[in-house]
Amino acid sequence: MGRFDGGSNPPYPIIMGTARVRKILKILRRTYPGASWGKRKGRTTDPFQILILTILSAQTTDNAVDRVKERLFSEFPDPASLAAAQIGSIEEIVHSLGFFRAKARHIREAASMLQERFRGEVPSRMEELLQLPGVGRKTANIVLHHAFGRCEGIAVDTHVKRLAGRIGLSDSSSQSGIERDLMKLVPRRLWGDITDLLIAHGRRICTARQPRCPECPIAHLCRYYLDASDKVRSEE
DNA sequence: ATCCCGAGGG
DNA sequence: CCCTCTGGAT
């Protein structure tokens with residue numbers, strides 16, 4: 001008997017069923033009530049700030065980004081001032097985030113492109129967002145959701161990638177494959193929240209190195225945990 | 001596949 | 001010391 005919905009033959013279906021995914025999402029939403037962007041307090045609603053902060057967040061903790069944003073936007077509050085800034089003064093502010101040269105260049109050029117190509121406004125279409133330097137599919141999905149409340153896809157970051165693999169939501173190793181699997185599994189109205197929920201869970205419980213499965217509220221639905229406990233059982 | 005890059009955790 | 005953190009461009 002298969003362990004997953006509709007299961008049976010091969011040991012593990014490629015992807016688990018939607019029923020189990022809904023259970024997981026329900027538990028995560030109850031566990032992390034403040035995780036969704038829409039419910040977060042003190043969040044920026046300015047699309048320009050959301051864009052810049054999301055570009056800067058690559059390979060960095062959000063905590064680190066929080067520490068530089070006040071100074072950054074106090075000196076460069078809009079596309080015009082950022083586009084005109086000295087590259088060195090931007091580098092100095094974002095230095096602690098890592099990749100500081102690339103990030104400084106990206107946000108200045110992005111600001112410049114907003115001015116020249118998009119009338120100083122952050123575009124609200126995927127195709128246009130992807131034209132901005134430093135903006136890939138993940139960043140575009142986040143900006144679309146957080147700034148405009150729209151979801152054309154699901155943002156796959158390092159947490160989403162790790163958890164999707166562990167839980168058994170996707171067996172793909174590429175972000176596009178994972179996004180495609182998640183889009184099939186997750187109801188569209190939750191496409192925006194799923195990323196925030198998996199990130200929250202990835203930070204607190206399902207960490208990269210030593211996942212705290214004993215504290216995990218979805219362990220009984222997780223392939224990684226179930227496989228591990230199978231192994232332990234068979235060794236006893 | 002590799003580079004960009006710094007800070008914090010274990 | 002090594003790994004990881006809301007990736008993207010080449």
Side-chain angles (χ1 to χ4, degrees), chain A residues 28 32 34-40 42-44 47 49-69 71-72 87-88 90-113 126-148 151-167 169-170 172-179 182 186 190-213 215 224:
Chain A
L28 290 181
Y32 308 106
S36 312
W37 177 258
K39 298 175 183 172
R40 234 148 78 197
R43 70 184 196 279
T44 319
Q49 293 197 5
I50 291 172
L51 170 68
I52 299 304
L53 292 176
T54 309
I55 292 174
L56 292 178
S57 73
Q59 294 296 117
T60 313
T61 60
D62 59 337
N63 217 329
V65 177
D66 282 343
R67 278 180 224 133
V68 307
K69 70 180 182 186
R71 188 175 161 208
L72 179 68
I87 196 69
I90 305 177
E91 288 179 350
E92 186 186 338
I93 296 176
V94 303
H95 178 271
S96 62
L97 302 179
F99 302 145
F100 66 94
R101 291 189 192 87
K103 285 178 179 176
R105 180 163 34 86
H106 284 161
I107 64 176
R108 189 176 71 171
E109 292 312 304
S112 176
M113 196 175 291
M126 171 73 72
E127 184 185 347
E128 295 174 329
L129 283 168
L130 291 176
Q131 295 175 21
L132 301 170
V135 178
R137 177 107 188 150
K138 178 262 173 182
T139 300
N141 272 322
I142 293 286
V143 172
L144 230 40
H145 176 227
H146 289 179
F148 303 110
C151 296
E152 293 185 24
I154 295 174
V156 177
D157 61 29
T158 176
H159 289 298
V160 173
K161 182 175 181 178
R162 182 180 69 253
L163 270 65
R166 275 193 190 151
I167 296 171
L169 301 175
S170 173
S172 174
S173 56
S174 70
Q175 73 278 54
S176 59
I178 293 169
E179 181 177 4
L182 291 178
V186 179
L190 296 178
W191 282 9
D193 286 343
I194 176 80
T195 298
D196 296 324
L197 290 173
L198 290 180
I199 289 173
H201 190 54
R203 280 213 195 109
R204 296 179 177 77
I205 305 285
C206 197
T207 50
R209 273 201 264 178
Q210 288 180 302
R212 311 164 77 179
C213 298
E215 301 173 37
Y224 178 88

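Quick note on labels: first sequence line is chain A, next is B, and so on, each numbered from 1.
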Side chain to side chain donor-acceptor pair (under 3.5 Å): pairs with one or both residues in residues 51-65 of chain A, sequence neighbours excluded: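 For residues 51-65 of chain A, and leaving out neighbouring residues, the side chain to side chain donor-acceptor pair (under 3.5 Å) pairs sorted by first residue read A:Thr60-A:Lys103, A:Asp62-A:Arg203.
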Not counting sequence neighbours, list each pair that qualifies as a side chain to side chain donor-acceptor pair (under 3.5 Å) and has a residue in residues 127-139 of chain A.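 Qualifying pairs: A:Arg117-A:Gln131, A:Arg125-A:Glu127, A:Arg125-A:Glu128, A:Arg137-A:Glu179.
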With rounding to the closest Å, how many angstrom separate the P atoms on C:dG8 and B:dA7?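 Rounded to whole Å, the distance is 22 Å.
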Let me spell it out: for each of A:Arg105 and A:Arg67, pick the nucleotide of DNA chain B with the closest heavy atom. Which residue's pick is nearer the 5' end?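 The residue whose closest nucleotide sits nearer the 5' end is A:Arg105.
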Any base atoms under 4.0 Å from A:Arg162, or only sugar-phosphate, or nothing? Heavy atoms, all strands.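 Counting heavy atoms under 4.0 Å across all strands, the contact made by A:Arg162 is with sugar-phosphate only.
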Heavy atoms within less than 4.0 Å of DNA chain B: which residues of residues 206-213 of chain A have one? Give them sorted by number.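 The answer is A:Arg209, A:Gln210.
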Pairs meeting criterion salt bridge (charged side-chain N to carboxylate O under 4.0 Å, His left out) with involvement of residues 192-201 of chain A, two or more places apart: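 The answer is none; no pair qualifies.
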Partners passing side-chain hydrogen bond (donor to acceptor under 3.5 Å, both in side chains) against A:Tyr224 (at least two apart in sequence or in another chain):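 side-chain hydrogen bond (donor to acceptor under 3.5 Å, both in side chains) list for A:Tyr224, sorted by chain: empty.
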Results of side-chain hydrogen bond (donor to acceptor under 3.5 Å, both in side chains) for A:Ser174 - residues two or more places apart only: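 Counting only residues at least two positions away or on another chain, A:Ser174 forms a side-chain hydrogen bond (donor to acceptor under 3.5 Å, both in side chains) with A:Ser172, A:Ser176.
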Distances under 3.5 Å between protein N/O atoms and the N/O atoms of nucleotides 7-10 of chain C, please, pair by pair.
{"unit_1": "C:dG7", "atom_1": "OP1", "unit_2": "A:Thr158", "atom_2": "N", "d": "3.3"}
{"unit_1": "C:dG7", "atom_1": "OP2", "unit_2": "A:Gln59", "atom_2": "N", "d": "2.6"}
{"unit_1": "C:dG7", "atom_1": "OP2", "unit_2": "A:Gln59", "atom_2": "OE1", "d": "3.4"}
{"unit_1": "C:dG7", "atom_1": "O5'", "unit_2": "A:Gln59", "atom_2": "N", "d": "3.3"}
{"unit_1": "C:dG7", "atom_1": "O3'", "unit_2": "A:Thr139", "atom_2": "OG1", "d": "3.4"}
{"unit_1": "C:dG8", "atom_1": "OP1", "unit_2": "A:Gly136", "atom_2": "N", "d": "2.9"}
{"unit_1": "C:dG8", "atom_1": "OP1", "unit_2": "A:Thr139", "atom_2": "N", "d": "3.0"}
{"unit_1": "C:dG8", "atom_1": "OP1", "unit_2": "A:Thr139", "atom_2": "OG1", "d": "2.5"}
{"unit_1": "C:dA9", "atom_1": "OP1", "unit_2": "A:Gly134", "atom_2": "N", "d": "2.9"}

Just list the side-chain donor-acceptor pairs under 3.5 Å for residues 158-167 of chain A, sequence neighbours left out, or say none.
{"unit_1": "A:His159", "atom_1": "ND1", "unit_2": "A:Arg162", "atom_2": "NH2", "d": "2.8"}
{"unit_1": "A:Lys161", "atom_1": "NZ", "unit_2": "A:Ser173", "atom_2": "O", "d": "3.3"}
{"unit_1": "A:Arg162", "atom_1": "NE", "unit_2": "A:Cys206", "atom_2": "O", "d": "3.2"}
{"unit_1": "A:Arg162", "atom_1": "NH2", "unit_2": "A:Gly202", "atom_2": "O", "d": "3.4"}
{"unit_1": "A:Arg162", "atom_1": "NH2", "unit_2": "A:Cys206", "atom_2": "O", "d": "3.0"}
{"unit_1": "A:Arg166", "atom_1": "NH1", "unit_2": "A:Cys206", "atom_2": "O", "d": "3.4"}
{"unit_1": "A:Arg166", "atom_1": "NH1", "unit_2": "A:Thr207", "atom_2": "O", "d": "2.9"}
{"unit_1": "A:Arg166", "atom_1": "NH2", "unit_2": "A:Thr207", "atom_2": "O", "d": "3.2"}
{"unit_1": "A:Arg166", "atom_1": "NH2", "unit_2": "A:Ala208", "atom_2": "O", "d": "2.8"}

Please check: side-chain N/O of A:Trp191 versus main-chain N/O of A:Glu152, any donor-acceptor pairing under 3.5 Å?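 Checking the backbone N and O of A:Glu152 against the side chain of A:Trp191, no donor-acceptor pair under 3.5 Å is found.
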Can you name the residues that form a salt bridge (charged side-chain N to carboxylate O under 4.0 Å, His left out) with A:Arg212, not counting sequence neighbours?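 A:Arg212: salt bridge (charged side-chain N to carboxylate O under 4.0 Å, His left out) contacts with A:Glu215.
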Can you list everything that forms a salt bridge (charged side-chain N to carboxylate O under 4.0 Å, His left out) with A:Glu91? Sequence neighbours excluded, please.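 Listed in chain order: nothing, the list is empty.
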Nucleotide range of DNA chain B lying under 4.0 Å from chain A heavy atoms: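 Extent of the interface on DNA chain B: B:dC4 to B:dG10.
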side-chain contact (heavy atoms from CB on, under 4.5 Å) against A:Arg204, all qualifying residues, sequence neighbours excluded: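 A:Arg204 satisfies side-chain contact (heavy atoms from CB on, under 4.5 Å) with A:Tyr32, A:Ala200 only.
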